[in-house]
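Just so we're clear, the structure is a prediction, and the values are computed from it rather than from any experiment. Proteins come first, then strands; the chains are lettered A, B, ... in the order of their sequence lines, and each starts at number 1.
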There are 2 protein chains.
Amino acid sequence: MKKRPYTCGLDAALDVMGGKWKALILWDLQDGPCRFGELRRSVQGISERVLILQLRELQASGLVHRESYHEVPPKVEYSLTDFGRSLMASLVPLGEWGEANMRRITDASLERDRPAP
Amino acid sequence: MKKRPYTCGLDAALDVMGGKWKALILWDLQDGPCRFGELRRSVQGISERVLILQLRELQASGLVHRESYHEVPPKVEYSLTDFGRSLMASLVPLGEWGEANMRRITDASLERDRPAP
DNA sequence: AGACTCACGAACAAAAATGTCAGTACCCGA
DNA sequence: TCGGGTACTGACATTTTTGTTCGTGAGTCT
């Protein structure tokens, strides 16, 4: 049951960069092309499998480009496309909001997990 | 396994407004206070249970305020807090990006679901 | 020789998110 | 008295997302 006819721009945008990892991956790619292994290390906590899945989806959305130099040992570089960079640009205010309110967000999320004293 | 020490502002922001429904709910609340039933109708496709869960989380994050007028029949109004409005403000560029690129996003997402011809 | 790197892929398992359905207590209009 | 609206709650089921484990095959390091 896909919901393609999005109800608003936010909806569409989140479909493409929402989820647990995509923003982190894109964030790391901002500093320039990254190899698979580099990403796995910098996006700490992600499993190899999930990283691949997310990268594939980001490629399919046109946000990320994959360049494979077929050497030995294998070398693959992921980078932001122009489209991806345009996304990141419009994510700047949100990132700043999160940065500015991180304390508050953290506290609220801690409270949510605590039952009752 | 909660990941509270967020790695960047984006991460924190998405923790609070990510997911399938939260953005839609916030979006609708922008036009002023809404009763539960109104929300259920305007956020079409959402089930009552999930709507409540999402609203509770948005409350816990301090983005949404719940006002209960204990009348008969019951009346409850949900509205954005100042904090919620500040979020929405920094979401404007993302919403515009999604709006501007909706066609492209839709197409890419259609392709993802199609196997191979 | 043995261990490691690289970028994955497949099979499977667990966890998280979302959905379905029924029911609550009250009142109103037909 | 029947059906509808009000704002929920709880048990349960399904779907989606994320995670674990093992294996590939050529090459380098020790």
Original post:
Counting only heavy atoms not in B:Gln44, do more than 12 fall under 6.0 Å of its CD?
Top reply: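 At most 12 heavy atoms, drawn from other residues, nucleotides or ligands, come within 6.0 Å of this atom.
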Send over the distance from [X] [atom1] to [N] [atom2], rounded to a whole Å.
X	N	atom1	atom2	answer
B:Leu53	D:dT9	CG	P	9 Å
B:Glu71	D:dT6	CD	C1'	11 Å
A:Lys22	D:dT16	NZ	P	14 Å
A:Glu77	C:dC8	CD	C1'	17 Å
B:Glu67	D:dT6	CD	C1'	17 Å
A:Tyr78	C:dC8	OH	C1'	8 Å

**OP:** Begin with the C-alpha distance, continue with both residues' side-chain angles, and end with the deciding distance and a verdict on side-chain contact (heavy atoms from CB on, under 4.5 Å) for A:Lys22 and B:Leu14.
**Re:** CA-CA 10 Å; A:Lys22 292 211 181 84; B:Leu14 282 171; over 6 Å; no
Quick one: which of [options] gets closest to the side chain of [X]?
X	options	answer
A:Val76	C:dT18, C:dA7, D:dC8	C:dA7
A:Arg49	C:dA10, C:dC8, C:dA7	C:dA10
A:Arg56	D:dC8, D:dT18, C:dC8	C:dC8
B:Val50	D:dT20, C:dG19, D:dA7	C:dG19

**OP:** Grab the two heavy atoms, one from A:Gly45 and one from A:Trp21, that are nearest each other, plus how far apart they are.
**Re:**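 Distance-wise, the nearest heavy atoms are C-CH2, 3.8 Å.
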Original post:
Does anything in residues 34-43 of chain A reach DNA chain C, meaning a heavy atom under 4.0 Å, and if so which residues?
Top reply: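 When residues 34-43 of chain A is checked for heavy atoms under 4.0 Å from DNA chain C, the hits, listed by number, are A:Arg35, A:Phe36, A:Gly37, A:Arg41.
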Original post:
Want to settle it: does B:Arg66 or A:Pro74 sit nearer the 5' end of DNA chain D, counting the closest nucleotide to each?
Top reply: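 By nearest-heavy-atom nucleotide position, the 5'-most residue is B:Arg66.
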Would you say the side chain of [Y] lies within less than 4.5 Å of the side chain of [X], judging by non-hydrogen atoms?
X	Y	value
A:Ile105	A:Trp97	yes
A:Ser109	B:Tyr6	yes
A:Leu55	A:Phe36	yes

**OP:** May I ask you to evaluate whether B:Lys20 reaches the phosphate of D:dT15, defined as a side-chain N or O under 4.0 Å from OP1 or OP2?
**Re:**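 The answer is no; no side-chain N or O of B:Lys20 sits under 4.0 Å from OP1 or OP2.
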Original post:
Is A:Tyr69 near enough to C:dA7 that one of its side-chain N or O atoms lies under 4.0 angstrom from OP1 or OP2?
Top reply: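 Answer is no, no contact under 4.0 Å.
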Original post:
With a cut-off of under 6.0 Å to the ring centre and 45° to the axis, is A:Arg35 in cation-pi contact with A:Tyr78?
Top reply: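 Because its charged atom misses either the 6.0 Å distance or the 45° angle limit, A:Arg35 does not stack over A:Tyr78.
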Original post:
When you match B:Gln54 and B:Glu48 each to their closest nucleotide on DNA chain C, which lands nearer the 5' end?
Top reply: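 Its nucleotide being nearer the 5' end, the pick is B:Gln54.
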